[in-house]
Structure formats: C-alpha cells, structure tokens
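Indexing begins at 1, ligand by ligand and atom by atom, following the structure's order. Computation of the quantities below employed the complete heavy-atom set of this structure, encompassing side-chain atoms and omitting hydrogens, waters and symmetry-equivalent molecules. Remember, it's a predicted structure, so these values are computed and weren't measured experimentally.
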Amino acid sequence: MAWKKLYILGAGSYGKIYYAVKIDSYGLCASVAAVKCADIRRSISLQLEAQILTTLKGCPYVVQFFGANVNIDDGTYNLFLEYACGGSLHDLIINSKKGMIKMSELEVGFYAYQLLKGIQHVHKKGWIHCDIKPANILVFDNASECNMHKLKLADFGLSLKVGNGMRHPTRTPSSNRGTLLYAPPESLTYGFHGKAYDIWSLGCTVAEMMTGTHVWIYHDATDLQCKIRNENPVIPSNVSEIARDFLYKCFIKDPRRRWTSKQLLKHPFIQQALCNYSMPETQGQTTRVNSFCCQISVPEKDFINSLVETSLRIRNKIAKAFIGCC
Ligand SMILES: Nc1ncnc2c1ncn2[C@@H]1O[C@H](COP(=O)(O)OP(=O)(O)OP(=O)(O)O)[C@@H](O)[C@H]1O
C-alpha cells in the first residue's frame, strides 16, 4: 500500500510536513499520517529524529512514530508520524486568546501533567528534548468525556543524549541549543544542557498557557539573553499561590536545585488538576481517505476530511457484510 501526500501542514528548517493517507488495494483509506519530508542530502536531522523516536515508542504523551523511508523517485527522506488533528499548542493558545477564552488554572494544570509525563518518559529513556515550546507540542482529541485535549511532545530534531549536553556539541560553550525564549540561564552562561533544561522550558510553556504571552518582555535578542541570565521570568500577579509556586520550582536558576518531572508531578498544582479531570491512557487515532494530492486550502481540507469519513463508513459496512457471509 502506498502513501499519498495530500497537503502541506507546515514547514521547518528540515523541509516540509504533509498530511498523507495510505490507500489500500480497493482505493480506500487505511490510515493517515503526518509526513516530515526532507531532501535526502539534507536529512541528517530527520534521520536522527527517527532514531530518537524509535527509542521513545510506547508513551501516550510523545507523538507516535510509524517509521521512515527513502523515496528514490523524488530523492526524499520521509518520517511518518501520527497526525494531530488539533495542530499545535501554539495554535490552541492563539485561538483561546482570539476567542478571549482564558484557560483556567485547572485546565493548564491538566495539560502540564501530560507534558510532565512526556518529559519524564523522554528523560527516563536518556534524552533531553532541548526545544520544548508550544509550537512543538501537538494537540489531539481526547477519547474521554472531559472536553480537554490530549497533548503530546513532538519535534525531537534538537534533542541530546543525557550526558552529552555539558557543552553544546557544535557551537561555542555559551551557546544555547533550542529556542531562546524558552532557554534556561545555564545554557546561555555555561552552554550546559541537562534534564533541567526541559523543566525550565516547561515552566515558560505553562506560564504562556495561563497568560497567553511569553514570560519575557524584551527589545532584542541581546536584551533577552541578558534578562534570562540575570533576571527572573515575569509571573503575572493574578495567578494563584499554588500556580506561582509551581512556576517558581520550574524557574530555579540553579539547574541542580530545579525540580525534576517526578517532583513536579506531585506538586499540588498538578494534583488539584488531576482531581478534576480523568485521563484514559489511550492513543489518539484517526483514519481518513483520498487519492488526489498536494497544496489545498482549508475549506478543501474539510471537504477531503468528509470524503474520508464517508469512505471509512463504507469500508466498515463492507467489512461487516464480509464477516456476515463467513
Ligand atoms: N504530527 C503532526 N500532525 C499535525 N500537524 C503537525 C504535526 N507535526 C507538525 N505539525 C504542524 O506543522 C508545523 C511545523 O512543524 P515542525 O515541527 O515540522 O516544524 P517547526 O518546529 O516549525 O520547525 P523546526 O523543526 O525547524 O523548528 C507545526 O507547527 C504543526 O502545526
């Protein structure tokens, strides 16, 4: 069965990411995926990401990896991931802001729980993500009754093996690896990248969910670097004491004293959210169809998705009829 790329979901430094479907021998859809695609000559980071994702398999809070291949015809390296129908957490934050809907602290706590579980898994497997931020967190529909989304960590293109982050491997010692806005002071001052790196970035992400804005107010990159090294992130006055304490624990300047994912999972900010929401440990799954391709607009995407749903219903009917005959 062949994969068919239907439209572009986004683009990164490596290349493009497509929405793709797998068509079976009856011309019907068997499954859908998001395919990260790069020119084979510039695919080293995608190949590394494939290796990392292989070691991270089995965690419901990390994007599922289906496999990778080389397409000799068009000279591309393709990495197949589960498709996130809700886009990224960045989109979710922007949309909440547009709709003037502020995420409640309980909601944020529930999302922070999922991110911490993902980070804990990544760290246990011996990796540091090094680029946790809303744009690298994918949003899925939740199978449970509660109206909350399911979040998963994605984009492991900058990840490092634990122990390899004492000094940035390719740049100067004081250079930071990930996105500056989410970087901890030790990465700028000493070029140090340990597990605590991800906790600082998580703190920035959690604060952003609460306020809709970044934790730093700055003029330019130099000013931002200076603030990260010498000042404390801005935590708005209207957050609760519990939420404030959670953020303080993420923003401890000394990475050795900064709380770990295990400690933070026991924090009252997380525990009170868990009392409110239940979390089934299920993987998000979608199944869609079509056989035509490439760059299409948003209304067309809806149309394609409805075709896919119809196709699925037909496929299920055929399967039921077939079982009935046997
Ligand atoms: N599995 C996925 N399912 C659905 N959409 C996705 C998926 N992965 C990424 N996207 C979308 O594609 C966009 C680009 O993602 P990607 O991680 O490839 O690049 P990036 O993080 O923007 O770039 P870079 O890797 O260079 O930092 C994301 O913001 C998201 O909207």
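Defined by atom type and a distance below 3.5 Å, a donor-acceptor pair is present between the side-chain atoms of Lys133 and Thr179.
For a heavy-atom separation below 4.0 Å, the residues in contact with ligand 1 are Leu9, Gly10, Ala11, Gly12, Ser13, Tyr14, Ile17, Ala34, Lys36, Glu82, Tyr83, Ala84, Ala135, Asn136, Leu138, Asp155.
Applying the side-chain hydrogen bond (donor to acceptor under 3.5 Å, both in side chains) test to residues at least two apart or on different chains, the pairs with a partner in residues 204-214 are Tyr182-Glu208, Glu208-His214, Thr211-Thr213. Applying the salt bridge (charged side-chain N to carboxylate O under 4.0 Å, His left out) test to every pair with at least one member in residues 187-202, sequence neighbours left out, gives no pairs at all.
Taking the centre and axis of the six-membered ring of Phe140, the NZ or CZ atom of Lys152 falls inside the cone set by 45° and 6.0 Å.
Residues satisfying the salt bridge (Lys or Arg N to Asp or Glu O under 4.0 Å) test with Asp91, not counting sequence neighbours, are none.
Ion pairing of Glu186 with Arg258 is present here, as a side-chain N (NZ or NE/NH1/NH2) and a carboxylate O approach within less than 4.0 Å.
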